Every structure is written in structure tokens, then in C-alpha cells.
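Heads up, the thing below is written out as C-alpha cells.
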Amino acid sequence: MRALVHRTPGVRGVRARVALRRDGGMVTSEYAVGIIAAVGLAAVLYKVLTSGQVAGELQDIVKRALSVRM
């Protein structure tokens, strides 16, 4: 039978693990900024798509697509 040898990580191993833990994920403030940016983009897209000119163009595209003969 072989004896189990417990190896302790050297200084490099400990430093590598500490460095990995520091950048493990986003913090709450980063999530908040991301959510605010996403909501702002959604609001701009909603305004553009519901404007009269864009809505008319989209309706025209849909009408042309539905009237195509197959």
C-alpha cells in the first residue's frame, strides 16, 4: 500500500489562487450599471420602433411579405 502524501501548495500556488479569487465575478455596482444600460437601450429602441415613420415602414414590410404569392 502506498501512503498518501499531503502536499502543501508553494508560494506560487497560494498567490495564483488569491489572484483568481479577486476577479471571481462582478460586484453589485457592476450589475447595477449593466442593468441601467440595458434599460436605457430598451427605452431608446422602444421609442424608435414606436415612432410613426418606423412603425409605418415596419407595417409596409409586413404587408408586402404577406401579399407575396407562392
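Keep in mind it's a predicted model, so treat the numbers as computed, not measured.
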#### Entry: Between CD on residue Gln53 and CG on residue Leu58, distance to nearest 0.5 Å
11.0 Å
### Value rounded to 0.5 Å, distance of CG in Leu45 from OG1 in Thr50
10.5 Å
### Task
Would you confirm whether Glu30, through its side chain, and Val27, through its main-chain N or O, come within 3.5 Å as a donor-acceptor pair?
yes
### Query
Tell me, which pairs form a salt bridge (Lys or Arg N to Asp or Glu O under 4.0 Å) where one or both residues lie in residues 40-63, sequence neighbours left out?
Asp60-Arg64
